[in-house]
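One structure below.
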Amino acid sequence: MKFSITSKGNAQSNALMNKIRTYLQDFGLTYDESQPDIVISVGGDGTLLYAFHRYSSRLDKTAFVGVHTGHLGFYADWVPDEIEKLVIAIAKTPYQVVEYPTLEVIIRYQHGGKETRYLALNESTVKCVEGTLVMDIDTNGQHFERFRGDGLCISTPTGSTAYNKALGGAILHPSLQAIQLAEMASINNKVFRTIGSPLVLPSHHTCTLKPVRDQDFMITIDHLTLLHKDVKSIQFRVADEKIRFARFRPFPFWKRVHDSFISD
């Protein structure tokens with residue numbers, strides 16, 4: 001088996017990374033950063049997001065496992081005190097693969113410019129560089145509403161506990177094949193009106209944003225922030241690609257939610 005390790009970069013994470021690498025190589029596994037079968041993320045959820053984007057071209061061949069060196073997160077099964085158990089599990093135990101949906105973002109441009117495509121693990125957000133965001137929202141090819149406000153957030157089920165939750169969105173179990181649209185400070189009065197509630201769309205539906213006026217947009221893809229000009233439309237849907245997590249033991253999602261937001 002070939003493996004790679006991504007570290008948060010602080011002293012504790014780097015020390016654990018070196019220890020894991022040494023132990024796994026002692027068990028006969030091969031360190032390979034270009035074509036790993038399994039990627040070990042040591043740090044926080046941001047480290048896992050970085051690893052996801054680094055290996056997004058081989059999601060069907062690579063599985064991920066997380067070690068948290070900070071606060072409890074949603075992408076980590078293991079903590080530093082369990083490194084020896086993790087190493088033995090990777091080296092000796094066949095793992096279960098759990099697949100979760102990702103978000104496809106396709107940006108199309110005016111004047112026939114070439115479209116760009118991105119994958120997001122958590123979410124994508126759309127805001128204006130200046131002023132109020134004004135977007136026509138189509139759901140599954142039909143006009144739904146004209147949005148006015150600060151911005152829009154489109155998240156995956158795994159990302160529903162991140163920015164989406166802060167916006168009042170629902171928490172979705174990551175096994176659901178869906179995406180969620182949440183508003184940021186929408187304008188609602190006698191003249192302008194939006195639905196005012198998050199929308200959950202199934203995998204066979206698309207959500208398309210169409211600018212009403214010529215504006216420059218700040219579009220995020222997880223931790224990446226990108227400036228886009230001359231935008232004709234932004235299309236979101238459940239991507240064909242899925243992220244694969246290597247599970248060596250049960251890791252109940254609702255327990256993660258409880259431990260992160262409710263327990264002391």
Side-chain angles (χ1 to χ4, degrees), residues 1-8 13 16-17 20-21 24 29 31-33 35-104 119-123 155-162 164-165 171-180 203 221-223 238-260:
M1 182 188 295
K2 296 180 291 185
F3 73 97
S4 176
I5 307 176
T6 301
S7 170
K8 182 178 180 179
S13 300
L16 287 172
M17 176 183 68
I20 294 169
R21 178 172 179 172
L24 288 176
L29 278 67
Y31 189 80
D32 187 337
E33 290 192 356
Q35 295 181 322
D37 300 305
I38 190 167
V39 172
I40 304 161
S41 169
V42 183
D45 285 347
T47 311
L48 194 285
L49 288 173
Y50 171 82
F52 166 81
H53 285 277
R54 181 179 181 182
Y55 294 103
S56 61
S57 63
R58 50 178 293 114
L59 295 179
D60 60 332
K61 305 177 184 67
T62 297
F64 297 83
V65 62
V67 178
H68 253 279
T69 55
H71 299 294
L72 181 66
F74 284 87
Y75 294 127
D77 298 42
W78 305 85
V79 295
D81 292 343
E82 299 176 311
I83 289 303
E84 288 78 9
K85 292 181 181 178
L86 173 60
V87 167
I88 293 172
I90 293 174
K92 299 293 185 179
T93 307
Y95 56 83
Q96 176 189 8
V97 172
V98 177
E99 294 184 334
Y100 292 152
T102 62
L103 173 67
E104 177 188 77
L119 286 180
L121 178 56
N122 268 3
E123 76 273 312
S155 62
T156 66
T158 45
S160 67
T161 55
N164 169 78
K165 181 179 181 298
I171 296 177
L172 302 183
H173 192 280
S175 64
L176 296 176
Q177 302 297 308
I179 59 174
Q180 183 171 184
S203 59
I221 307 293
D222 291 329
H223 59 295
V238 176
D240 293 332
E241 299 91 333
K242 302 180 187 301
I243 186 169
R244 303 165 70 243
F245 288 101
R247 291 280 188 258
F248 297 95
R249 60 187 182 185
F251 192 35
F253 173 74
W254 296 116
K255 184 178 187 305
R256 273 179 276 166
V257 173
H258 175 270
D259 291 349
S260 295

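Keep in mind the model is a prediction, meaning the values are calculated, not measured.
The shortest side-chain heavy-atom distance between Ile38 and Thr62 does not fall under the 4.5 Å cut-off. Residues Val65 and Trp78 are in side-chain contact: their nearest non-hydrogen atoms beyond the backbone lie under 4.5 Å apart. You'll find the side chain of Ile90 reaches within 4.5 Å of the side chain of Met1, heavy atoms only. In this structure, Lys61 and Gln35 have side chains that are not in contact, with every pair of non-hydrogen atoms separated by 4.5 Å or more. Ile40 has its side chain within reach of Leu24: a pair of non-hydrogen atoms, C-beta onward, lies under 4.5 Å apart. Residues Phe64 and Ile243 form a side-chain contact, since some pair of their non-hydrogen atoms from C-beta on lies under 4.5 Å apart.
Closest approach of Arg58 to Pro36, counting heavy atoms only: NH2-O, 3.0 Å. Scanning both residues, Val79 and Val67, for their nearest heavy atoms gives C-CG1, 4.2 Å. Residues Pro157 and Ala178 approach most closely at CD-O, 3.1 Å, considering heavy atoms. Closest of all the heavy-atom pairs between Val39 and Ala51 is CG1-CB, 4.1 Å. Looking at every heavy atom in both residues, Gly44 comes nearest to His68 through CA-CE1, 3.4 Å.
Within the 3.5 Å criterion, the main-chain N or O of Leu172 finds a donor-acceptor partner in the side chain of Ser160. With hydrogens and angles disregarded, a donor-acceptor distance shorter than 3.5 Å links the side chain of Asp222 to the backbone of Asn122. Side-chain atoms of Thr158 come within 3.5 Å of backbone atoms of Leu121 as a donor-acceptor pair (strictly under, hydrogens ignored). Put simply, the side chain of Thr47 never gets that close to the backbone of Ser41: no donor and acceptor are under 3.5 Å apart.
With no hydrogens or angles considered, a side-chain donor-acceptor pair links Ser4 and Tyr55 at under 3.5 Å. Between the side chains of Asp45 and Tyr50, no donor-acceptor pair is found at a separation under 3.5 Å. Side-chain atoms of Thr69 and Ser13 form a donor-acceptor pair, as typed in the model, at a separation below 3.5 Å.
Relative ring orientation between Phe253 and His173 is described as perpendicular, the plane-to-plane angle rising above 60° on a 0-90° scale split at 30° and 60°. Under the 30°/60° scheme for interplanar angles, the aromatic rings of Tyr75 and Phe245 are found to lie parallel.
Applying salt bridge (charged side-chain N to carboxylate O under 4.0 Å, His left out) to Glu33 and the options Arg21, Arg54, Lys2 leaves one that passes, Arg54.
With respect to Arg249 and Glu82, a salt bridge is recorded, a charged nitrogen being found less than 4.0 Å from a carboxylate O.
For the pair Arg247 and Tyr95, the cation-pi criterion (under 6.0 Å, within 45° of the ring axis) is not fulfilled.
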